[in-house]
Participant: 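Handing you a structure now.
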Amino acid sequence: MTMLRVDDADLYYETRGAGPYLLISQSGEGDAGRSVDLADRLTDTHTVITYDRRGLSRSTGTPTSIRQHADDVHRLLAHLTDRPVLMLGLSLGASIGLHLAMRHPEQLSLLIAHEPVSPWLLPAPERDRHRAELAGIRDLYLDAGLPPALKEVARVLGITGGGDTEPGLTPQPMDAQRQANFDVFIRHDFQAVIEDDLDLTGCRVPILPAAGRTTPAEVFDRRCADELAALLGTDVATLPGGHNGNLSHPRAYAARLRELLPAA
């Protein structure tokens, strides 16, 4: 296994392909393997980096803040290259990318921030409501377990289940490891999201807010993308699928991503 010591944790990471570095920072409980169908469709033009966030799968440590996650990524990128890289941040990964862009702008040439789960982007009443909503899901998980909590996660993020997916996807069963990753995500990362705050004033990294075409306009994550675009004075780029379009439609998502990334 390819491991890197980062402060008080060991971080597992993978690289594949050839060309400019592209870091995919996965959402939710996703580890380095969660993005495999998307990553495999980008390796002809990019060296794709995926990793297990601290506490997930092969990585150790306990997450305490989004800033800590961003510091982990900073150390991983510094280990791999001294040149700026492209970054696709997905949901929580987009929130991590925003912190990295502010604290280590020399490491990023572009951040595509797909539906960041960053309540601090929202107007005060809406921000407080969604922080309370996330706290309620965390409490529900601690009281009643994973199945009811996942229903609430899907509702809050506008994730619809069912058959609107591309064929031939790599199976991602709800096995013991994935359940353990959800435990870290809901128990620790939810609290980190609730407490997160950031000022993007003076950010030197080009940031492209993004959202899934089928993500409802009114849900929390899409609202964060819209508010990020308004803050930056730009538009929201749309990509196939919804909040997890990179997982449900990896072929179409990769094709659209190539249109958004600078030519390799």
Side-chain angles (χ1 to χ4, degrees), residues 1-17 20-36 38-39 42-43 46-114 116-118 120 177-200 203-205 207 246:
M1 292 198 301
T2 310
M3 306 292 294
L4 176 69
R5 186 67 181 173
V6 288
D7 194 14
D8 58 346
D10 293 303
L11 208 65
Y12 172 84
Y13 69 94
E14 299 176 357
T15 61
R16 69 190 80 183
Y21 278 114
L22 168 62
L23 169 69
I24 299 178
S25 187
Q26 181 60 50
S27 58
E29 88 296 357
D31 59 16
R34 191 82 167 104
S35 304
V36 60
L38 175 63
L42 299 167
T43 54
H46 294 83
T47 301
V48 181
I49 309 164
T50 59
Y51 71 106
D52 299 349
R53 287 196 319 273
R54 64 166 56 219
L56 300 188
S57 297
R58 293 142 294 201
S59 292
T60 64
T62 301
T64 60
S65 68
I66 307 302
R67 181 174 180 174
Q68 180 189 56
H69 280 310
D71 186 68
D72 288 346
V73 174
H74 157 63
R75 292 167 188 262
L76 174 59
L77 293 180
H79 172 71
L80 292 172
T81 180
D82 60 359
R83 299 181 63 83
V85 309
L86 303 161
M87 181 173 180
L88 170 63
L90 300 156
S91 189
L92 180 61
S95 303
I96 294 169
L98 293 174
H99 276 267
L100 185 67
M102 283 303 298
R103 303 185 191 285
H104 300 283
E106 74 285 354
Q107 290 189 300
L108 295 180
S109 57
L110 172 68
L111 168 64
I112 298 179
H114 184 111
V117 286
S118 298
W120 54 265
Q177 181 62 75
R178 194 172 171 203
Q179 291 179 51
N181 287 349
F182 265 117
D183 182 75
V184 173
F185 174 51
I186 299 176
R187 188 183 298 268
H188 299 290
D189 285 326
F190 265 47
Q191 192 62 36
V193 169
I194 292 166
E195 296 174 356
D196 190 32
D197 199 6
L198 183 65
D199 183 356
L200 285 176
C203 183
R204 307 200 312 267
V205 174
I207 298 173
N246 60 301

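Source: prediction; values computed, not measured. Throughout, numbering of the chain's residues begins at 1 and tracks the sequence.
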Participant: Can you see which heavy atom on W120 is nearest to which on D197, and at what distance?
Facilitator: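 W120 and D197 have their closest heavy atoms at CB-OD1, 3.5 Å.
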Participant: Please give me the minimum heavy-atom distance between G30 and L56, naming the atom from each residue.
Facilitator: O-CD1, 3.5 Å
Participant: How long is the gap from OG1 on T47 to CG on L22, to the nearest 0.5 Å?
Facilitator: 9.5 Å
Participant: Looking at L110, I112, L100, which one forms a side chain to side chain contact (heavy atoms under 4.5 Å, CB included) with M87?
Facilitator: L100
Participant: Between CG of D31 and CD of Q177, what distance do you get to the nearest 0.5 Å?
Facilitator: 7.0 Å
Participant: If every non-hydrogen atom of C203 is compared with every non-hydrogen atom of I207, which pair is closest and at what distance?
Facilitator: SG-CD1, 3.8 Å
Participant: Output yes when R67 and D196 qualify as a salt bridge under the 4.0 Å nitrogen-oxygen rule, no when they do not.
Facilitator: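 Answer for the salt bridge query: no.
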Participant: L88 versus L23: any side-chain heavy-atom pair under 4.5 Å?
Facilitator: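 The answer is no, as the side chains (C-beta and beyond) never meet within the 4.5 Å cut-off.
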Participant: Output yes when R34 and E29 qualify as a salt bridge under the 4.0 Å nitrogen-oxygen rule, no when they do not.
Facilitator: yes
Participant: Is it true that S95 and S118 share a donor-acceptor pair across their side chains at a distance under 3.5 Å?
Facilitator: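 There is such a pair (donor and acceptor under 3.5 Å, judged by atom type) between the side chains of S118 and S95.
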Participant: If only side-chain N and O atoms count, and only distance matters, is there a donor-acceptor pair under 3.5 Å linking Y51 with S25?
Facilitator: yes
Participant: Which atom pair, heavy atoms only, marks the closest approach of P63 to Q68?
Facilitator: CA-OE1, 3.2 Å
Participant: Indicate yes or no: at least one non-hydrogen side-chain atom of L86 is less than 4.5 angstrom from one of H46.
Facilitator: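 Touching, per the 4.5 Å side-chain cut-off.
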Participant: Does D10 offer a backbone N or O that forms a donor-acceptor pair with the side chain of T60 under 3.5 Å?
Facilitator: yes
Participant: Can you find a heavy atom in the side chain of I24 that is under 4.5 Å from one in the side chain of V48?
Facilitator: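 A side-chain contact under 4.5 Å exists here.
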Participant: Restricting to non-hydrogen atoms, name the atom on R16 and the atom on A32 that form the minimum distance, rounded to 0.1 Å.
Facilitator: NH2-O, 4.3 Å
Participant: So do V85 and L77 actually touch side chain to side chain, heavy atoms under 4.5 Å?
Facilitator: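 The answer is yes; the side chains approach within 4.5 Å.
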Participant: Do M102 and L200 have side chains that approach each other closer than 4.5 Å (heavy atoms only, starting at C-beta)?
Facilitator: yes
Participant: Evaluate the side-chain proximity of L76 to V6: yes if any heavy-atom separation is below 4.5 Å, no if none is.
Facilitator: no
Participant: May I ask you to decide if L90's main-chain N or O and N246's side chain share a donor-acceptor pair within less than 3.5 Å?
Facilitator: no
Participant: Does any non-hydrogen side-chain atom of T15 lie less than 4.5 Å from one of T50?
Facilitator: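 T50 vs T15: side chains apart.
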Participant: Would you call the rings of H74 and H104 parallel, tilted or perpendicular, taking 30° and 60° as the class edges?
Facilitator: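 Parallel.
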Participant: Considering only heavy atoms from C-beta outward, does the side chain of H79 approach that of Y13 to under 4.5 Å?
Facilitator: yes
Participant: Which pair of non-hydrogen atoms, one from P116 and one from L98, has the smallest distance, and what is that distance?
Facilitator: CB-CD1, 4.3 Å
Participant: Is the backbone N or O of R83 less than 3.5 Å from a side-chain atom of T81, with the two atoms forming a donor-acceptor pair by type?
Facilitator: yes
Participant: Would you list the atom pairs, donor with acceptor, under 3.5 Å between side chains in residues 185-195 and any protein atom, with sequence neighbours excluded?
Facilitator:
| unit_1 | atom_1 | unit_2 | atom_2 | d |
| --- | --- | --- | --- | --- |
| R187 | NE | D183 | OD1 | 3.2 |
| R187 | NE | D183 | OD2 | 3.3 |
| R187 | NH2 | D183 | OD1 | 3.0 |
| D189 | OD1 | H69 | NE2 | 2.8 |
| D189 | OD2 | R53 | NH2 | 3.0 |
| Q191 | NE2 | E195 | OE2 | 2.9 |

Participant: Do T2 side-chain atoms and E14 backbone N/O form a donor-acceptor pair below 3.5 Å?
Facilitator: no
Participant: Could you pull out all residues at least two apart from R75 that satisfy salt bridge (charged side-chain N to carboxylate O under 4.0 Å, His left out)?
Facilitator: D71
